[in-house]
Amino acid sequence: MSNVRAAVFASGTGSNFQAIMETESLACEVALLVCDKPQAIVLERAKTYNVPTFICDPKQFASKAEYEQVIVERLQEAEISWIFLAGYMRIAGPTLLQAYEGKIVNIHPSLLPEFPGIDAIGQAFKAGAKRTGVTVHFIDEGIDTGPIIAQETVTIQEKDTETSLKEKIQKVEHELYPRVINQLLQSK
Ligand code: GRF
């Protein structure tokens with residue numbers, strides 16, 4: 001097993017977390033799942049893979065800085081060197097960004113800079129776009145901004161519904177994210 005220790009941050013279902021965990025020859029060990037929602041389904045998935053979880057509810061903290069400081073301490077304790085956001089529904093603040101500069105990667109279901117923010121798939125569908133896609137990028141303090149690492153296009157056909165589009169995008173995500181993670185780690 002690789003000695004690079006990574007954390008996945010997720011707030012929801014965790015299908016990308018699962019895809020990462022199912023990857024053969026992953027170039028890192030997923031040594032921690034950080035989750036901001038105590039009821040999130042991804043926590044069940046983490047149990048299945050014996051990945052330790054850190055549930056940190058921002059409501060328990062007076063500020064984003066305090067919330068992120070606690071997370072950073074937990075990450076350092078676990079000797080985490082990379083963070084992969086997979087459906088983590090929060091904007092990172094300076095505390096996290098400075099502690100892990102250049103080491104935080106996100107996946108977003110659109111061809112950024114098109115359709116940033118929430119419900120990117122719905123946004124593309126409702127806009128009548130002919131194509132959308134998936135972006136893997138480093139994060140900065142913006143909403144789905146930051147240097148792009150990889151993108152893959154998904155065609156929206158006449159017969160597509162929002163549901164079928166979501167399925168197509170997820171299929172691409174589940175293949176693209178682990179591949180990009182491995183490329184990133186192997187090039188370091
Ligand atoms: C994915 O579409 C990802 O691109 C976005 O949030 C969604 C998370 O899905 N950032 P899941 O929880 O991995 O199923």
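Counting starts at 1 for both ligands and their atoms, in listed order.
Nearest protein neighbour of atom 9 (O) of ligand 1, counting heavy atoms only, is Asn16 ND2, 3.8 Å. The closest protein non-hydrogen atom to atom 6 (O) of ligand 1 is Gly87 CA, 3.4 Å.
Heavy-atom proximity to Thr13, at under 4.0 Å, picks out these atoms of ligand 1: 12 (O), 14 (O). Close approach of ligand 1 to Glu173 is summarised as follows: ligand atoms under 4.0 Å from at least one heavy atom of the residue are 1 (C), 2 (O), 3 (C), 4 (O). The distance from ligand 1 to the heavy atoms of Ser15 drops below 4.0 Å at these ligand atoms: 11 (P), 12 (O), 13 (O), 14 (O). Near His108, with a cut-off below 4.0 Å to any heavy atom, the atoms of ligand 1 are 4 (O). Atoms of ligand 1 found under 4.0 Å from any heavy atom of Pro109, numbered from 1 in the order shown, are 2 (O), 4 (O), 5 (C).
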* Worked check of salt bridge (Lys or Arg N to Asp or Glu O under 4.0 Å) between Lys168 and Glu173 -> CA-CA 9 Å; Lys168 289 204 287 194; Glu173 287 190 327; over 6 Å; no
Please report, to 0.1 Å, the donor-acceptor pairs under 3.5 Å made by any side chain of residues 42-49, with sequence neighbours excluded.
residue, atom, partner, partner atom, Å
Arg45, NE, Thr13, O, 2.7
Arg45, NE, Gly14, O, 3.4
Arg45, NH1, Gln18, OE1, 2.4
Arg45, NH2, Thr13, O, 3.3
Thr48, OG1, Glu44, O, 3.0
Thr48, OG1, Arg45, O, 3.4
Tyr49, OH, Glu22, OE2, 2.4

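Cluster annotation: Val30 is connected to Leu185 through the hydrophobic network of ILVMFWY side chains, with a link wherever side-chain heavy atoms come within less than 4.5 Å.
Closest non-hydrogen pair, Ile118 versus Gln123, comes out as O-NE2, 2.8 Å.
Residue Gly14 places a heavy atom under 4.0 Å from ligand 1.
Side chain of Asn182 to backbone of Arg179: no donor-acceptor contact under 3.5 angstrom is found. Listed for the Ser11 side chain is a donor-acceptor partner under 3.5 Å among the backbone atoms of Met89. Judged purely by atom type and a 3.5 angstrom limit, Ser63 uses its side chain to pair as donor or acceptor with the backbone of Glu66.
Where the criterion is an N or O separation shorter than 3.5 Å, residue side chain and backbone included, Ile107 meets it with respect to ligand 1. Polar contact check, Asn106 against ligand 1: no nitrogen or oxygen pair lies under 3.5 Å apart.
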